Amino acid sequence: MSNILSQTEDTLKQEIAAAVLKAELAGEDELPEVILEKPKEKAHGDFATNIAMQLARIAKKAPRHIADDITANFDASKASVDKMEIAGPGFINFFMKNDFLGGLIPTILDAGDVYGRTDFGKGQSVQVEFVSVNPTGDLHLGHARGAAYGDVFCNVLKAAGYEVQREYYINDAGNQIDKLALSVETRYLEALGYEADMPEDGYRGDDIVSIGKTLADEYGEKWVNTDRQERLAFFKEYGLHIELDNLKKDLADFRVQFDNWFSEQSLYDNDKVTEAVQTLRDGGYVYESDGATWFRSTDFGDDKDRVLIKQDGHYTYLTPDIAYHKDKLERGFDQIINVWGSDHHGYISRMRAAIQALGYPAEKFDVKIIQTVNLFEGGEKVRMSKRTGNAVALRDLMEEVGVDATRYFFVMRSNDTQFDFNLDLARSQSNDNPIYYVQYAHARICTMLKQAETKGFAVEGTFNGDLLTAEKETDLLKKLGEFPQTVAESAEKHAPHKVTQYVFDLASLLHSFYNAEKVLDSDNPELTKARIALMKAVRTTIANGLRLLGISAPVKM
RNA sequence: GUCCCAGUAGCUCAGCAGGAUAGAGCAACAGCCUUCUAAGCUGUAGGCCGCAGGUUCGAAUCCUGCCUGGGACGCCA
């Protein structure tokens with residue numbers, strides 16, 4: 001789709017390159033890539049380039065002289081440049097003609113919901129696996145951050161022109177599920193008044209207590225005297241089912257949906273695990289030692305080799321996980337991205353080794369590490385632990401501060417910095433709380449437009465965009481034009497927090513404009529029409545940004 | 001001991017495929033509501049960008065070393 005700003009930039013870049021060639025400062029093959037930046041200072045124009053400094057060595061001239069030559073040979077009319085200035089060590093600052101954003105508002109209003117979408121990703125397929133919490137307890141804060149990150153990241157990827165699949169890997173096989181069965185058994189017996197010991201490393205969450213009670217209510221003594229194997233098998237199924245339902249419900253309430261729920265057990269059922277081991281063996285990366293079967297991951301830069309099959313004949317956690325990644329790669333994605341908690345980062349190098357040993361390039365595989373979340377309340381750090389059962393669960397958070405604020409807070413920061421979640425702030429219905437700032441901007445515009453209708457202003461129809469020359473208006477227009485690039489950059493850098501920042505900045509410009517200029521002015525019908533159109537464009541863009549974040553855009557507050 | 005992440009304003013954080021005078025929110029201080037929602041706006045103050053070297057026209061950004069905080073280094077998952 002068209003993108004006014006990037007079109008303008010492309011033209012500018014072309015004309016700069018043309019001027020360089022015309023001034024014979026460099027040959028076509030030695031021409032560096034023209035880099036345009038948006039100066040922070042308005043006095044430095046709308047765009048600036050450092051091309052003169054880059055050419056200093058090639059042209060063997062002082063940067064400022066080079067800049068002179070470039071501006072002398074520059075065709076300003078083609079690129080709607082109003083004036084150029086040479087500044088500092090040799091920057092060329094471009095001041096654009098006032099109307100260079102003229103077509104932007106109609107572009108945004110025509111695009112509507114899809115404004116911001118680009119084909120940047122060119123349809124490459126990306127699979128993102130995230131959350132993937134063991135079905136043995138509630139989602140806690142760290143998981144919630146990963147869920148918010150993964151979800152918004154996927155939204156952003158999609159908007160930037162990638163094919164995206166969201167997947168959840170269910171650890172429904174192996175040790176931890178057996179432990180789940182034992183824990184459920186204990187709680188069941190306790191619910192019936194028997195004395196039962198919780199296994200040392202059992203799950204002590206309230207969720208298991210409640211499963212035990214439900215079982216006791218539903219089945220009474222039925223399972224007390226049945227064969228233990230049979231009983232545990234049933235509890236395992238039963239517990240898994242309930243835990244999974246809980247997870248799905250929590251995630252759905254958190255507005256996170258998955259395209260695919262992938263079962264670890266299915267890997268065993270379909271012999272995928274033995275297959276994966278065999279593939280590694282065929283590649284010559286497997287050996288036996290000390291009664292165990294090893295993967296020579298050091299061939300691919302891992303610290304040490306890893307055990308695939310233990311002395312007791314069981315697989316390690318790694319082995320089915322390799323099979324899982326093999327399966328994902330066989331499904332043909334251009335890239336697979338995992339979102340993991342920080343405690344798993346040591347796991348990356350061995351998995352990357354496995355990817356390569358399976359015959360795939362390492363670049364297809366990427367891991368985003370989500371750093372720890374610390375919860376603060378009343379200035380005190382709130383400890384959380386799934387084991388002890390007094391964890392702060394995502395569910396608590398959603399009830400306490402709402403989904404919008406929770407999501408906003410989690411994607412407000414870069415994923416690789418530790419995050420202090422200020423519960424008091426997120427909970428407060430005050431102007432301290434940044435989520436309201438953005439939503440308020442949206443609501444404000446909605447109210448204004450409603451007012452416009454009530455007072456009989458023309459809300460639809462043509463307008464003259466050239467009238468929008470006030471500083472606050474051009475600031476808004478420029479920001480609006482950046483949105484598609486911001487989304488693309490956010491996808492490219494795997495940094496959804498850039499969208500949060502964008503939406504905040506846009507809201508800030510809107511509030512500032514609102515206080516400086518009156519939109520509905522009966523003495524100025526033409527300007528009013530233009531400003532109404534501007535407001536609609538801002539509303540659309542904020543709404544689109546909030547949609548990417550999975551946050552509601554209220555009409556009224 | 002090895003590896004990963006972080007260290008930027010009082011606090012929480014942006015900025016980091018090198019660029020001009022390092023930004024924002026909160027907190028502080030001073031102002032703005034008979035006018036489209038004050039959940040808002042305007043202004044002031046606040047900084048050896050952890051430390052020390054190096055690379056270069058130019059470093060918060062890249063490289064090396066060190067310091068501090070967090071995490072990871074199982075035939076656990």
Side-chain angles (χ1 to χ4, degrees), chain A residues 35 37 39-41 43-44 48-50 53-54 56-57 62-63 87-91 93 134 136 171 174-177 179 201 289-294 302-304 306-318 320-321 341-350 369-372 374 376 379 412-422 425 428-441 443-452 454-455 457 492-493 495 497-498 500-501 504-505 507-508 510-521 528 531-532 535 556-557:
Chain A
I35 295 167
E37 57 182 71
K40 294 166 205 157
E41 286 288 324
H44 296 148
T49 182
N50 62 350
M53 280 100 94
Q54 290 188 301
R57 205 171 296 164
F91 287 100
N93 295 333
N134 288 347
T136 52
N171 293 98
N175 234 330
Q176 71 284 350
I177 288 302
K179 264 191 312 194
D201 50 358
S289 176
D290 298 329
T293 302
W294 295 72
D302 194 10
D303 292 352
K304 47 184 118 173
R306 308 291 171 179
V307 171
L308 292 173
I309 303 172
K310 299 186 263 186
Q311 280 180 340
D312 65 7
H314 287 106
Y315 292 116
T316 60
Y317 176 78
L318 177 65
D321 218 13
S342 60
D343 53 339
H344 282 71
H345 91 256
Y347 200 73
I348 298 173
S349 51
R350 73 191 72 168
I369 290 296
I370 304 296
Q371 288 295 335
T372 335
N374 291 312
F376 282 84
M412 184 164 60
R413 307 282 183 232
S414 157
N415 60 289
D416 53 20
T417 77
Q418 293 174 32
F419 177 55
D420 289 341
F421 193 108
N422 183 333
L425 177 60
S428 74
Q429 302 251 337
S430 77
N431 52 356
D432 299 349
N433 197 338
I435 175 66
Y436 297 117
Y437 187 83
V438 178
Q439 292 183 318
Y440 185 47
R444 229 177 189 179
I445 296 173
C446 291
T447 319
M448 248 188 285
L449 295 175
K450 200 163 208 176
Q451 280 276 339
T454 316
K455 293 183 178 170
F457 290 96
E492 182 186 20
K493 296 189 173 168
H497 71 275
K498 285 185 185 297
T500 318
Q501 251 173 277
F504 186 89
D505 290 344
S508 176
L510 182 276
H511 288 311
S512 182
F513 163 80
Y514 179 90
N515 276 271
E517 314 286 351
K518 186 143 171 91
V519 173
L520 307 177
D521 180 359
T528 298
R531 283 184 169 164
I532 285 175
M535 288 303 101
K556 202 178 138 192
M557 284 174 76

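Since the structure is predicted, the reported quantities are computational estimates derived from the model, not experimental observations. Chain letters run A, B, ... following the sequence lines, proteins first, then strands; residues in each count from 1.
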Starting at atom CD1 of Ile369(A), determine the distance to atom P of G71(B), rounded to an integer number of angstrom.
15 Å
Between A72(B) atom P and Arg350(A) atom CZ, what is the distance in whole Å?
13 Å
Does the side chain to side chain contact (heavy atoms under 4.5 Å, CB included) test come out yes or no for Gln451(A) and Leu520(A), once each step is laid out?
CA-CA 8 Å; Gln451(A) 280 276 339; Leu520(A) 307 177; 3.8 Å; yes
Taking donor-acceptor contacts at under 3.5 Å, does the side chain of Asn50(A) reach the base of G19(B)?
yes
Output, in order, the C-alpha distance, side-chain angles, deciding distance and verdict of side chain to side chain contact (heavy atoms under 4.5 Å, CB included) for Val519(A) and Phe513(A).
CA-CA 9 Å; Val519(A) 173; Phe513(A) 163 80; 3.7 Å; yes
Using only side-chain N and O atoms of Tyr437(A), determine if any of them is under 4.0 Å from OP1 or OP2 of C41(B).
yes
Quick note, Lys518(A) side chain, CB onward, closest among U35(B), A72(B), G74(B) is U35(B)
If we take the P atom in both G1(B) and C48(B), what is their distance in whole Å?
31 Å
Which glycosidic conformation, syn or anti, is assigned to C67(B) if syn requires a torsion within 90° of zero?
anti
For A17(B), measure the glycosidic angle (O4'-C1'-N9-C4 for a purine, O4'-C1'-N1-C2 for a pyrimidine) and name it syn if it falls within 90° of 0, otherwise anti.
syn
Measure from the side-chain heavy atoms of Asn515(A) and tell me the nearest of C41(B), A38(B), C75(B).
C41(B)
Using a 3.5 Å distance criterion without hydrogens, assess whether the side chain of Asn415(A) forms a donor-acceptor pair with backbone atoms of Ile370(A).
no
RNA chain B nearest-nucleotide lookup for Lys304(A) and Met448(A): closer to the 5′ end is Met448(A)
Base, sugar-phosphate alone, or nothing: which one does Ala516(A) contact when heavy atoms must sit under 4.0 Å apart?
nothing
Whether Thr528(A) side chain and Asp521(A) backbone form a donor-acceptor pair below 3.5 Å
yes
P atoms of A27(B) and G74(B), separation to the nearest Å
46 Å
For the pair made of CD in Gln54(A) and C1' in G58(B), what is the distance, rounded to whole Å?
13 Å
Looking only at side-chain atoms of His345(A), point me to the closest of A39(B), C3(B), G40(B).
C3(B)
Report the C-alpha separation of Thr447(A) and Arg444(A) in whole Å, then their side-chain angles, then the decisive distance to 0.1 Å, and conclude whether the side chain to side chain contact (heavy atoms under 4.5 Å, CB included) test is met.
CA-CA 5 Å; Thr447(A) 319; Arg444(A) 229 177 189 179; 5.5 Å; no
Using a cut-off of 4.0 Å between protein heavy atoms and nucleotide atoms, how would you tag nucleotides 8-18 of chain B 5' to 3' with B, S and -?
----BSSS-B-
Rounded distance in Å - CG (Asp321(A)) to C1' (G74(B)):
16 Å
At 4.0 Å (heavy atoms only), tell me whether Ala443(A) reaches a base, stays on the sugar-phosphate, or touches nothing.
base
Touch class at under 4.0 angstrom, heavy-atom based, for Ser512(A) against every strand present:
sugar-phosphate
What distance, rounded to whole Å, do you find between the two C1' atoms, one in G25(B) and one in G40(B)?
15 Å
Upstream residue (5' side of RNA chain B) when Asn433(A) and Glu37(A) are each assigned their closest nucleotide:
Glu37(A)
Rounding to 0.5 Å, atoms CZ (Arg531(A)) and NZ (Lys518(A)) come to a distance of 11.0 Å
Can you check whether Lys310(A) has a side-chain N or O nearer than 4.0 Å to OP1 or OP2 of G74(B)?
no
What's Asp303(A) touching, base or sugar-phosphate or nothing? Going by heavy atoms closer than 4.0 Å.
nothing
Selection from C36(B), C76(B), A20(B) that lies nearest to any side-chain heavy atom of Pro39(A):
A20(B)
At 4.0 Å (heavy atoms only), tell me whether Asn93(A) reaches a base, stays on the sugar-phosphate, or touches nothing.
base
Would you indicate, yes or no, if A38(B) has its OP1 or OP2 atom less than 4.0 angstrom from a side-chain nitrogen or oxygen of Arg444(A)?
yes
Centroid distance under 5.5 Å and plane angle under 30°, Phe91(A) vs A20(B)
yes
As a test of reading the structure: which of A20(B), G40(B), U35(B) is closest to the side chain of Ala48(A), going by heavy atoms?
A20(B)
Please give the distance between the P atoms of U42(B) and A72(B) as a whole number of Å.
45 Å
Nearest-Å distance, CD1 (Ile348(A)) to C1' (C4(B))?
8 Å
Can you tell me how far P of A59(B) sits from CE of Met53(A), to the nearest Å?
12 Å
Please give, in whole Å, the distance from G25(B) C1' to Tyr436(A) OH?
16 Å
Judged by atom type as modelled, is there a donor-acceptor pair below 3.5 Å linking the side chain of Ser512(A) to the main-chain atoms of Ser508(A)?
no
Need one value for Gln371(A): base, sugar-phosphate or nothing, where a base atom within 4.0 Å counts as base even if backbone is also close, heavy atoms only.
sugar-phosphate
Under 4.0 Å, heavy atoms only, any strand: does Tyr347(A) hit a base, just the sugar-phosphate, or nothing?
base
Name the stems with RNA chain B in them: runs of three or more consecutive Watson-Crick or G-U pairs, distances under 3.5 Å?
B:1-7 with B:67-73, B:10-13 with B:23-26, B:28-32 with B:40-44, B:50-54 with B:62-66
Taking atom C1' of C36(B) as reference, at what distance in whole Å does atom CG of Asp521(A) sit?
11 Å
Lys310(A) meets the side chain to side chain contact (heavy atoms under 4.5 Å, CB included) criterion, sequence neighbours left out, with Val307(A), Asp312(A), His314(A), Thr316(A)
Counting N and O atoms only, with roles assigned by atom type, does the side chain of Gln311(A) sit under 3.5 Å from a partner on the main chain of Asp290(A), one being a donor and the other an acceptor?
yes
Under 3.5 Å, side chain of Arg350(A) to main-chain N/O of Asp302(A), donor-acceptor pair present?
no
